[in-house]
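First up is the structure itself, then whatever we jot down about it.
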Amino acid sequence: GGEQEGDDQEATAQQAESEETEEEGDREDWPDEIRFADTGVEGMEELQRQFEPFQEELEETIGMDIEFFAVTDRTIGSTAMEYDQVDVLLAGPSEYAQIKSVVPDTELLAGIERDEYHAAFIAHEDSDIGTLADVEGHSIAMKDPGSTSGHVGPSEMLIDEGIDVDEDVDIQLLDDARFDAFLNRDVEVLATGIKDYHEMVEEHEDEGFRIIAEGETLPNDVFVASPELPDDLIENMRESILENDEALLDSILVTGENDKYVEGTFTEASDEDYDSMRNAYEELGLDLSEE
Amino acid sequence: MPKRFKLPSPATIIITIGGLILFILGLGSMEISADRFFSGIVNMFHFIIGAFPPDLERFQTALVAMYETFQIALVGTVFGVFLSLPIALLASRNTTPHPVIGYVAKGFISLLRTVPDLIWALIFVISVGLGPFPGMLTIMMDTIGFCGRFFSERIEEMEKGPIEAVQSTGSNQTGVIFGSILPLGVPSFVGTSLFAVEKAIRGAVVLGLVGAGGIGVELSVAMTMRQFDEALMMILLILVVVIIVEQCSTYIRKKFIANA
Amino acid sequence: MPKRFKLPSPATIIITIGGLILFILGLGSMEISADRFFSGIVNMFHFIIGAFPPDLERFQTALVAMYETFQIALVGTVFGVFLSLPIALLASRNTTPHPVIGYVAKGFISLLRTVPDLIWALIFVISVGLGPFPGMLTIMMDTIGFCGRFFSERIEEMEKGPIEAVQSTGSNQTGVIFGSILPLGVPSFVGTSLFAVEKAIRGAVVLGLVGAGGIGVELSVAMTMRQFDEALMMILLILVVVIIVEQCSTYIRKKFIANA
Amino acid sequence: MFSVTMSEVTKVYPNGTEALKALDLNIGPGEHVVILGHNGSGKSTLFRCMTDFENITGGYLEIGGKVPASFKKRKERSTFRRNIGLVFQHYHLTHNLSVLQNVLFGALGRQPFRKVCAPIASSTLRLEAMNALERVGMESVAGNGADELSGGQKQRVAIARMIMQRPRMIMADEPIASLDPKAGKEIMDLLVSICRENQLTFISILHQMDIALEYGERIIGLNQGEVLIDKGVPHIQRSELQKLYMSPKEQKAKWNEGLVEYGV
Amino acid sequence: MFSVTMSEVTKVYPNGTEALKALDLNIGPGEHVVILGHNGSGKSTLFRCMTDFENITGGYLEIGGKVPASFKKRKERSTFRRNIGLVFQHYHLTHNLSVLQNVLFGALGRQPFRKVCAPIASSTLRLEAMNALERVGMESVAGNGADELSGGQKQRVAIARMIMQRPRMIMADEPIASLDPKAGKEIMDLLVSICRENQLTFISILHQMDIALEYGERIIGLNQGEVLIDKGVPHIQRSELQKLYMSPKEQKAKWNEGLVEYGV
Ligand SMILES: Nc1ncnc2c1ncn2[C@@H]1O[C@H](COP(=O)(O)OP(=O)(O)OP(=O)(O)O)[C@@H](O)[C@H]1O
Ligand SMILES: Nc1ncnc2c1ncn2[C@@H]1O[C@H](COP(=O)(O)OP(=O)(O)OP(=O)(O)O)[C@@H](O)[C@H]1O
Ligand SMILES: [Mg+2]
Ligand SMILES: [Mg+2]
């Protein structure tokens, strides 16, 4: 909806005129700068604190000033967009599902597809838990509530297996303590992203772990645009991001720690890809569409 | 002639000017605008009103979680308070056996406070496993960091007269502590301790980290899932408990405040 | 004949017994075992030693983040403290214009304290957008909740004599407040306020919530990525700042403590 | 000029102590009255009730046309207190402020706080404060902290603060208990001369009988919360005064006799 | 029996006040000495230095064979203090405890805390405390809170606490300033008789010259931190004592004269 900006058209037009030096016309309803928030997508924590290269690259790509905010809570991200305090979000699948439910007109810009992004259930090698079905009656360490690969994803897998997540298993949302609790054998099973598994194996070479189940590849992380932005700006951003995908990806990788994206690519994103996520929320009994 | 109107000491000047500069710089970086604030206030009310009425569906679950949290918080703070007292006595300038011990104790208290809950939780999960026990230990550490500091501050502020009076009887240090420092400090100690209980309840998210559940986890799940009406219910529940604890505090303190 | 040795009042009995029962029940549910504790102590040391030596690679980044955090924390607490004082005066039994106002003010302070940081962050993000400003406002709310309570507790505890002396001059309430309550309370107010600054720095994760960055985000990222040596570096950095703030507090308080 | 009217005034403290028992008392405008009485006879309590720092638990009390028990607003109470210069038995200085600042606060009843704040107070007011300090012989410690004084010095500063208040009636609770004999006389002279000059009513509580007889015009003797003696100084014999301090048993025995002998 | 030796003792407070100036003083075992002096002459400071609550800033001070300045351990200091019964000018009761409890605390120097804790104290000790209270006439308020007393009652309780200490020397700072005349005499009688019975050295600070001459055997007159008079009571004339209280100017003028006249 660009309609509501019609009132201040005159003022913005003047402003745009003075700035308009290199770009094409028809931008009078574009904001001065884009407010961009990264909601702390799992595995991209490093971007939270070293975002300058990415920010600069994005500014170049889109050709606008960008105000970058690293936000560490997913609820804040979606609420900020709901109340038009942010224009573009980099969100994980779980967050996207939330945002879409509170801001139905929100637009997808592009997805980042990353290598090996799925949930896994892990047990100690010497335990007698071999399949997902064996998990019943045991305790499972997961990440924080709402985490895609560490809560929503694995929960869906359990539900698909016919396990009642409230009754049949003891799910503990332990966040960072999940590894230690698992290593300590306070919990028998750890459900988390597959990358975490690899890291854990690396760190504790001498201990044996067994993957008892792996989930389907999870949907991509996405750039989401606020419906308050003019349509042509959204379209423009969508195009330029996909055009400059390699440079953008490099700017994320340059920080050195985001190896999760090493094999990643930028792709087009569509809303249907996230139906599985919504489905999972629903199965978890969390109503996403109430607002 | 009035001697007190002398120039402040260099340290004072440095602290004052340094603080001021930092404050002004900070203020400048803040992009404060009343405009921004007021234009958003409608949104804010929209949000807050959106959470009404509180969702009572999961009230019972919340109540049970609250009860669990309260128990653990109580046990953790009780232990914490009992450990804080001797540490605070070691740390306070006017009761420490030796200045060096005082500095060490103060530093220790600061350290306990500085280490984040998450790390305490990790440490205790590693050492004693999951459950209420590590949660209690974490709360205990928090409490020592908090009460240790405030107890010691109160002890240093105490009027010297009654303490000297007990000292003048030739009492040993135990007598001085129990005979004057504790009685004089009781109102404040009670207030601080009950605040610590309350703080432990409010900060009970840490219990989630060690798998002990409780109201903190419930609340944070409700928030993450954007069930603000449910969150509101829990906040109100916590508020009720907080106010009850505060009333107890007022009641007990009243009994000890001179002439109250 | 000694009148003070009368039976405690029913309220006292109820509070005492209730508290005791809850404590014992809590203790029982805790599965405490010294065994568990000691067997884990080795693990614990292993973990702690694993974090040594602190990783200094990102020290500069951390320093900058610390500085940003400090600025925002300072501004937030300064505003908070200035708002806390009048609210505390309204809330305290011995300075409130009317008991009802006192209860309302106390309830308000409790409410500010009970609403979690996350919700304040949400509310302020909704009204003023992302950045340091909402972070500052959140810290301000936290500070009012904390200082309001402790200021008011201190005011209620104050010796009545000097206050009555100023009242007896026929001073209006402003005179009483500035002429006796504030001067008498200064050491404690300074201590509490500087503790609030410190608390804001330590709790600076809230700045991450609203996209204002700072040391809190750095630390929590380091923790999530299990870079404990880096986390240790930051904790030590925070500890240094905490101790500096504490030293300032001690220094300022000393100037005001009678006969110190 | 303030007068005092009391009828059947009683004060029972929350712990059950009956400090004042149905006191009837009238003090005329401009009178100089000294209250004597044994320790715990209710003298300080009487002062605290008169200045509304304690509520009376019965009877009627009027001072300068005002009835403290009827005050509804803070403002009424402070206007009332502004006119009464009260010296507390325990001085009650604000200990972490300077002596000068403490004295300047005496003017709080007629000046707003910012005017009496030492660093910015007008030179007129500062002069007045220094003058008050000079009258009690404390000008040389004006800049000291109030906690850096000896007991007697504190008491003098408290009196200077009261003088600064420019009261219309003076009530002094053992104003010279901690003073040396010479200072004690000087301060009494000072208080009496201030009251003479400004035609103030003056009520003081004393334990020194000589001083009481020398400076008072009328003596009120309290005993166990009741008035035992109430007479003009010329008509008083020292032996009568001794009765005030009898032990509880002796008091009990002499009680009715006392009532008969001295009336109320 | 304790004796006191001081030579060249000085005390300069951190704010620069010279409270004691090169004091030379000897008090023999069993003497009853009264210290007189104007307000701020350094009497309380002297007591505080003698009991090691203030450090002397120069000179040598010895009491009962101990040198407070040389104490290394807490234990030495507390043993030393245990023997000296000190009554503070401002009483210093622990205000939110009962009167009885405050008095019981007097025994802390010879009993561990748990033995003197009111609810569990042995009946022997409680009896002793009640006895001490009776001697100062305060047995009837034993159960009251220490903050529920009148000024004079507090002072008496403080004295009872000191008696409870069973000291080997008594130092009382204006012990009867807030007491009524009869109580004042009774308390002085009490203190003197305790000292006589137990052959204690007794030093008191007083402002009442009559009492000083009545109860003291020797008078020490302080003025501006120096000893101006030091004589046995029989040889003292009242007029000499008056000089102690002269105004600073007069003091200055008479200073050398005083030195010559009364020696040190
Ligand atoms: N706050 C209080 N609560 C309870 N009782 C009190 C309180 N203050 C004083 N009393 C009691 O009231 C009685 C009168 O006390 P008050 O202070 O008026 O005596 P006073 O005549 O001033 O004695 P003094 O000469 O010792 O100062 C005493 O028995 C005292 O114990
Ligand atoms: N804590 C302190 N800091 C600085 N100066 C002090 C302190 N206490 C007392 N003084 C000063 O030291 C001097 C002596 O004080 P001290 O209390 O010994 O007098 P005093 O003889 O007991 O007087 P009084 O009869 O009034 O009790 C005074 O000038 C006083 O102002
Ligand atoms: Mg009195
Ligand atoms: Mg003195």
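Lettering follows sequence order; numbering is per chain, from 1. In this text, all values refer to a predicted model and were calculated from it rather than measured experimentally. The analysis underlying the following values was restricted to heavy atoms, covering all of them including side chains, and did not include hydrogens, waters or symmetry mates.
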Can you measure from CD (B/Gln167) to CZ (E/Phe53) and round to the nearest 0.5 angstrom?
->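 If I round to the nearest 0.5 Å, the distance is 5.0 Å.
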With side chains defined as the heavy atoms from C-beta onward, is the minimum distance between E/Arg48 and B/Glu164 less than 4.5 Å?
-> yes
Report yes if some heavy atom in the side chain of E/His95 is under 4.5 Å from a heavy atom in the side chain of B/Leu184; otherwise report no.
->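 E/His95 vs B/Leu184: side chains touch.
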So which bits of residues 66-79 of chain E come within less than 4.5 Å of chain B, counting non-hydrogen atoms only?
-> E/Arg74, E/Ser78
Part of E/Arg161 within contact of chain B (heavy atom distance under 4.5 Å) |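 Only the side chain of E/Arg161 comes within 4.5 Å of chain B.
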Would you say E/Asn96's side chain and B/Pro183's backbone share a donor-acceptor pair under 3.5 angstrom?
->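 Judged by distance alone, yes, a pair lies under 3.5 Å.
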Between E/Gln165 and B/Gly170, is there a donor-acceptor pair closer than 3.5 Å when you use the side chain of the first and the backbone of the second?
->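 No, because the side chain of E/Gln165 does not come within donor-acceptor range (under 3.5 Å) of the backbone of B/Gly170.
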Give me the atom names and distance for the closest heavy-atom approach of [X] to [Y].
X        : Y        : result
E/Leu108 : B/Ser171 : CB-CB, 3.4 Å
E/Phe105 : B/Phe178 : CZ-O, 4.4 Å
E/Phe88  : B/Ser168 : CE1-OG, 3.7 Å

Is it the case that atom [atom1] in [X] sees more than 12 heavy atoms from other parts of the structure closer than 6.0 Å?
X        : atom1 : answer
B/Tyr251 : OH    : yes
E/Lys21  : NZ    : yes
E/Glu197 : CD    : yes
E/Arg110 : CZ    : yes
E/Tyr13  : OH    : yes

Given E/Asn102, E/Leu93, E/Thr94, the one that forms side chain to side chain contact (heavy atoms under 4.5 Å, CB included) with B/Ser180 | E/Thr94
